[in-house]
Amino acid sequence: MKKTSFLFLSLIPALVACNSIVEIDYRKPFVREGQKTDVAEEMVIKAQIEATDTKTSLDGVSVLWTTGDQVKIFNASNPSGVVYTLSEGAGTTQATFSGSALSGEGPFYAVYPASSATGLSGESVSVVLPQTQILTKNSFGNGANLAIAKVDGVTDVFSFKNALGAVSFSLNADPSMKGVRIQTRGTEALSGSGTLTLGTDTPALTMDPVTSLESQVVSLEGSAQTGPFYMMLPPGALTGGFLVEFRNADDMAMVKSAKSTPDNEIKRNEILAMPSFDFTEQIKGAFLDQTSFGYFGNIGTSGLLDAFAFDKVTCQYAVNTDVGTSRYVRLQSLPLGKYYAIGTPYVLDLGTTYDDVSVESVAGATYTAPATSTYRVIRKSDNAAWMVSSDMQKGIILLLED
């Protein structure tokens, strides 16, 4: 499903719903009398998206079916679901989907996109929200707009309801961007598994409890292009604050943060439009992409990245933690003639600035005594924290282990 739209400058009241009027017919292959066939009966769904109502939808929006779109339909007899694929009507509001005929009785549940739905249990559909969505100019990515419908019989009207909300970003002067990444500072999941139900009229999405920080991250990725950009997220997200990274076509990143406030809550079927801003290059993308811990110089706009990252062949390291109080990591390489000792507080919260980060180093014949500096945590994973100095020139990736 594809969405195209104009530029929006403020909080917009609702996101277009992919409501569909559905007609069902059955098509059987032609079989001569006495001839046997193993071809399964086919069911054809004709879907029409409701016309845009500017009182509840985005002005100037057209929601169109796209080649390759799929929905998955479930009932008690088909708990794993049956996939229906668009066969006619790409680029229009009316389309035909076809798939194997469904057995059993209703109720029937339909989920778009089919790839997000994994199974039916009682009245709940298990779903998985991807961590990566497609970066798309002036739109949310194809397949990102999770929606559900429920009917008692297959000849009833399937009215799809949006399960997610969106946050949008607009950059002044239209720089060419290739990525946007959000990580929440709260406790909620932004991606991963959950369950989706549909009451009388409103879907409810319940995300599974967070067991990994990876589920608290969502990224927009794709070819470099100008915005604005839209990211689909679960309702209730972002009230605890978040950090967002923007990366341009030159692989330079900018990090912005949003405070904890109810005003930043993602609401179902609505778009939270962030104020437009100027993009300023701050950090090399190569630093953010590092997969090993260490100390990094020239992470900002000038010079070449000076990376001293742990390598199990040439480096040694030691870790000492005082749980609840402090962390200490010593990293050294005799072949490279480098040594770094880094001390930080034990708790390193995303988005928080710490004034008591200590760095001691030896590089060749140059020894630098321990000195306390200010660093901010701009990214976290389950086992590491990315920290940048106040002048955005030095970076630390700290291994988080006890």
Side-chain angles (χ1 to χ4, degrees), residues 1 14-22 24 45 47 49-50 56-57 63 69-84 97 99 102-131 133 140 143-167 184 186-211 215-216 218 231-239 265-272:
M1 190 176 294
L15 183 67
V16 169
C18 304
N19 298 331
S20 303
I21 298 173
V22 179
I24 308 297
I45 301 173
I49 302 171
E50 284 187 343
T56 59
S57 306
V63 180
D69 272 349
Q70 293 182 321
V71 298
K72 187 178 286 187
I73 302 179
F74 303 85
N75 67 348
S77 299
N78 297 274
S80 297
V82 178
V83 174
Y84 285 76
F97 291 80
L102 288 163
S103 60
E105 303 296 326
F108 296 88
Y109 301 84
V111 175
Y112 172 85
S115 58
S116 292
T118 60
L120 175 68
S121 177
E123 298 182 348
S124 300
V125 180
S126 298
V127 295
V128 177
L129 300 186
Q131 190 181 67
Q133 300 174 18
F140 51 79
N145 187 29
L146 181 69
I148 185 172
K150 174 185 175 182
V151 297
D152 292 326
V154 291
T155 58
D156 295 338
V157 173
F158 278 68
S159 182
F160 281 83
K161 302 293 183 180
N162 298 315
L164 305 179
V167 58
T184 178
T187 59
E188 77 278 14
L190 304 184
S191 58
S193 57
T195 55
L196 184 59
T197 59
L198 180 61
T200 303
D201 191 52
T202 304
L205 174 64
T206 302
M207 299 299 293
D208 291 348
V210 172
T211 58
S215 67
Q216 296 190 296
V218 171
M231 180 181 289
M232 306 302 296
L233 296 173
L238 303 188
T239 58
E265 181 181 1
I266 296 296
K267 297 181 179 180
R268 190 196 73 82
N269 208 38
E270 295 186 7
I271 293 179
L272 177 67

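Quick note: residue numbers are just sequence positions, from 1. Note that these values count all heavy atoms, side chains included, but never hydrogens, waters or copies made by symmetry.
Annotation for P130 and S191: closest pair O-CB, 3.7 Å, computed over non-hydrogen atoms. In this structure, L196 and P203 approach most closely via the heavy-atom pair CD1-CB, 4.2 Å. L190 and A237 get closest at one heavy-atom pair: CD2-CB, 3.6 Å. Nearest heavy-atom pair, P113 versus G143, reported as atom, atom and distance to 0.1 Å: CG-O, 3.1 Å. Of all the heavy atoms in S124 and T195, the pair that sits closest is CB-CB, 4.3 Å. Listed here is the closest heavy atom pair of M232 and A166: SD-CB, 3.7 Å.
Taking the side-chain hydrogen bond (donor to acceptor under 3.5 Å, both in side chains) definition, one finds that T184 meets it with E188, sequence neighbours left out. Partners of V83 according to the side chain to side chain contact (heavy atoms under 4.5 Å, CB included) rule, which considers only residues two or more places apart in sequence or in another chain, are Q70, K72, T85, A114. The side chain to side chain contact (heavy atoms under 4.5 Å, CB included) test applied to V151 returns F108, D156, F158, not counting sequence neighbours. Partners of T239 by side chain to side chain contact (heavy atoms under 4.5 Å, CB included), not counting sequence neighbours, listed by chain and number: E265. In this view, T206 satisfies the side-chain hydrogen bond (donor to acceptor under 3.5 Å, both in side chains) rule with no residue, not counting sequence neighbours. In this view, A189 and M207, V210, S215 satisfy the side chain to side chain contact (heavy atoms under 4.5 Å, CB included) rule, not counting sequence neighbours. In this structure Q131 satisfies the side-chain hydrogen bond (donor to acceptor under 3.5 Å, both in side chains) test together with E214, sequence neighbours excluded.
For the pair I148 and V127, the minimum side-chain heavy-atom distance is 4.5 Å or more. Taking 4.5 Å as the limit, every side-chain heavy atom of V218 sits out of range of all side-chain heavy atoms of L129. Counting only heavy atoms from C-beta outward, the side chains of L164 and F140 never approach each other to under 4.5 Å. Contact check for N145 versus F160: no side-chain heavy atoms found under the 4.5 Å cut-off.
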Criterion side chain to side chain contact (heavy atoms under 4.5 Å, CB included) on L102 and S77, from CA distance to verdict: CA-CA 8 Å; L102 288 163; S77 299; over 6 Å; no

Is there a side chain to side chain contact (heavy atoms under 4.5 Å, CB included) between L198 and Y109 once you walk through the steps? CA-CA 9 Å; L198 180 61; Y109 301 84; 5.5 Å; no

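With N75 contributing its side chain and E105 its backbone, the two residues share a donor-acceptor pair below 3.5 Å. Of the possible donor and acceptor atoms, none in the side chain of S126 sits under 3.5 Å from a partner among the backbone N and O of T118.
Taken from CG in L272 to CG in L238, the straight-line distance is 7.5 Å, to the nearest 0.5 Å. Between the OG1 atom of T202 and the NZ atom of K161 there is a distance of 7.5 Å, given to the nearest 0.5 Å.
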